[in-house]
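The structure under discussion appears below in the form of structure tokens.
Note on naming: letters A, B, ... go to the chains in the order of the sequence lines (proteins, then strands), and numbering restarts at 1 for each one. As the structure is a computational prediction, the values presented were derived from the model and not from experiment.
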Protein chains: 2
Amino acid sequence: MKPEGRKQEIIDSAAILFKERGYSAVTMRDLARAMGIKAASLYNHIQSKQEILASIIIDLAEHFTTGMNEIVKSDLTIIKKLEKIIELHIDITLTNADGLASLNNDWMHLEEENLTYFEQMRHDYEENFRQIVRTGVNNGVLANNNIEIIVFSTLSTLRTLYLWYPKQRTIDPDILKKDMITVLLKGII
Amino acid sequence: MKPEGRKQEIIDSAAILFKERGYSAVTMRDLARAMGIKAASLYNHIQSKQEILASIIIDLAEHFTTGMNEIVKSDLTIIKKLEKIIELHIDITLTNADGLASLNNDWMHLEEENLTYFEQMRHDYEENFRQIVRTGVNNGVLANNNIEIIVFSTLSTLRTLYLWYPKQRTIDPDILKKDMITVLLKGII
DNA sequence: TAGTAAAACTAACAATCGTTAGTTTTGTAG
DNA sequence: CTACAAAACTAACGATTGTTAGTTTTACTA
């Protein structure tokens, strides 16, 4: 499915380093050392440092976009849609926790084309989320709180999952989904 | 109260740039340009780039530590303590939203002494938070969900406030506090 | 075993990094 | 007006950055 060659190994290795120190603080020599080769050798497989970042972020963003679009055009209830969104974030976190760090913290280092593309996807994603919440509030199925606060607080938690999950690997993914749905939707009191 | 001289102006200016691009991607020449002077002139006021980062982060971390310690040793109910924690985060966000970006994303670039100090403060803060939640669950005043998930989801939202609040400046702080308490503690359904 | 393509290497480049030294300008108090 | 300190400046340093060019090694396949 994925082009699992040397290039993908480099990208995966880079994602780990970017997660630990951020894109700008990781040098090509750092990345090469992590791969056990010299910096110049990286360029037999990749075109630039920027290409690595773009590959990490754009792939993930498109994954989120695809998942959200499917949820939006489904005919599930509002509550079920929100549950699906939570599950989408958890699934992606489980399979690509490292890359999510770049998506969250290093997207601003994307260059012109990819930056615009990313920002568009993020905007659409948030707007879809907002619309679902808005509908839920209007229908009375969600409590009548400030919509922006609901969207922000839920999304904040989901976006930061990647920081927390690796420390809790013992939790079963299905239990995690269930508990997260309970906490995020029904509150903690 | 604060030493509001040229040095603090540089630190405040740096916090804005660090928020936009991250510590490693901001050069001393960038910072100097933002101040309208040359890079070398910065060194009449500060000792190093590292000192700026440490000043931003340690000040904030100590602020959180002080606030949490007061809440812990108070004799408020568990619910009231959680409300106080939410208010603490909102208050700090309102007065120093820029610096919070460094606290969240650039703490790993602190050097040995300050890095250890910061990590200790963060650990203690989280442990205090966890203990309050644990007590609440044991007393039955909080729902019996996974404690780690409660702590993580609440803290994620509070820590990310700095990203969101500047876009919503029209919201009155007291209303924000009230709504945030409702959403975080009582859920959105 | 000879040929070939992938993937590593050495060496170096121009640009930029944080920082220092030494000098000049600016603003204020006597 | 003079003296002085604060705060700016110019010029440069050694180190490091992403990247390129050209070469050698490695691993298969015919």
Side-chain angles (χ1 to χ4, degrees), chain A residues 2-58 101-102 105-115, chain B residues 2-58 101-102 105-115:
Chain A
K2 262 185 187 173
E4 190 54 67
R6 200 72 170 125
K7 179 169 181 174
Q8 193 59 44
E9 287 181 39
I10 291 173
I11 292 172
D12 291 344
S13 198
I16 294 173
L17 296 182
F18 292 170
K19 174 182 178 176
E20 291 170 349
R21 278 174 271 162
Y23 175 74
S24 302
V26 174
T27 72
M28 296 304 278
R29 286 163 180 85
D30 292 333
L31 177 54
R33 194 178 311 117
M35 296 287 299
I37 59 179
K38 294 302 169 76
S41 305
L42 293 169
Y43 289 84
N44 286 323
H45 308 282
I46 54 115
Q47 294 203 347
S48 65
K49 188 186 181 189
Q50 172 68 203
E51 186 203 16
I52 298 175
L53 183 70
S55 176
I56 292 171
I57 294 179
I58 300 295
S102 299
N105 301 319
D106 282 322
W107 58 266
M108 73 286 284
H109 299 117
L110 289 174
E111 289 174 359
E112 214 46 85
E113 280 176 343
N114 282 320
L115 178 58
Chain B
K2 261 186 189 175
E4 190 55 66
R6 199 73 171 126
K7 179 169 181 173
Q8 193 60 44
E9 287 180 39
I10 292 173
I11 292 171
D12 291 344
S13 198
I16 294 173
L17 296 182
F18 292 169
K19 175 182 177 177
E20 290 169 350
R21 277 176 271 164
Y23 175 73
S24 302
V26 174
T27 72
M28 296 302 279
R29 286 165 179 84
D30 291 334
L31 177 54
R33 194 177 314 115
M35 296 288 300
I37 60 179
K38 295 302 169 80
S41 305
L42 293 169
Y43 289 84
N44 285 322
H45 308 282
I46 54 115
Q47 293 204 346
S48 64
K49 189 186 179 188
Q50 172 68 205
E51 186 204 15
I52 297 175
L53 183 69
S55 176
I56 292 171
I57 294 180
I58 300 296
S102 300
N105 301 320
D106 282 322
W107 58 266
M108 73 285 284
H109 298 116
L110 288 174
E111 288 173 0
E112 215 45 86
E113 280 177 343
N114 282 320
L115 179 57

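Neither OP1 nor OP2 of dT19(D) sits under 4.0 Å from any side-chain N or O of R29(A). Considering only side-chain N and O atoms, S41(B) lies nowhere under 4.0 angstrom from the phosphate OP1 or OP2 of dA7(D). Under 4.0 angstrom from either OP1 or OP2 of dA8(C) there lies at least one side-chain N or O belonging to H45(A).
Nucleotide dA27(D) holds its P atom 12 Å from the CZ atom of R6(A), rounded to whole Å. Atom NZ of K7(A) is separated from atom P of dA6(C) by 14 Å (rounded to the nearest Å). In this structure, K38(A) places its NZ atom 14 Å from P of dT26(D), rounding to the nearest Å. Here the C1' atom of nucleotide dG18(C) and the CD atom of Q50(B) are 12 Å apart, to the nearest Å. Taking atom CD on E51(A) and atom P on dG18(D), their separation rounds to 15 Å, with Å as the unit. Across the protein-nucleic acid pair, I37(B) atom CD1 and dT24(C) atom C1' stand 15 Å apart, rounded to whole Å. The distance from atom CD1 of I52(A) to atom P of dT17(D) is 15 Å, rounded to the nearest whole Å. Here dA7(D) presents its C1' atom at 11 Å from CE of M35(B), a figure rounded to the nearest Å.
A donor and an acceptor atom sit less than 3.5 Å apart, one in the side chain of N44(A) and one in the base of dA8(C).
Between the side chain of H45(A) and the backbone N or O of Q8(A), no donor-acceptor pair lies under 3.5 Å. At least one donor-acceptor pair under 3.5 Å links the side chain of Q50(B) to the backbone N or O of E111(B). With hydrogens and angles disregarded, no donor-acceptor distance shorter than 3.5 Å links the side chain of N114(B) to the backbone of A54(B).
Nearest to the side chain of K49(A), among dA7(C), dC9(D), dG18(D), sits dG18(D). The Y43(A) side chain lies nearest to dG18(D) when the options are dA8(D), dG18(D), dA21(D).
S41(A) and I37(A) get closest at one heavy-atom pair: CB-CD1, 3.9 Å.
Between D30(A) and T27(A), the side chains place a donor N or O and an acceptor N or O closer than 3.5 Å (distance only, hydrogens not considered).
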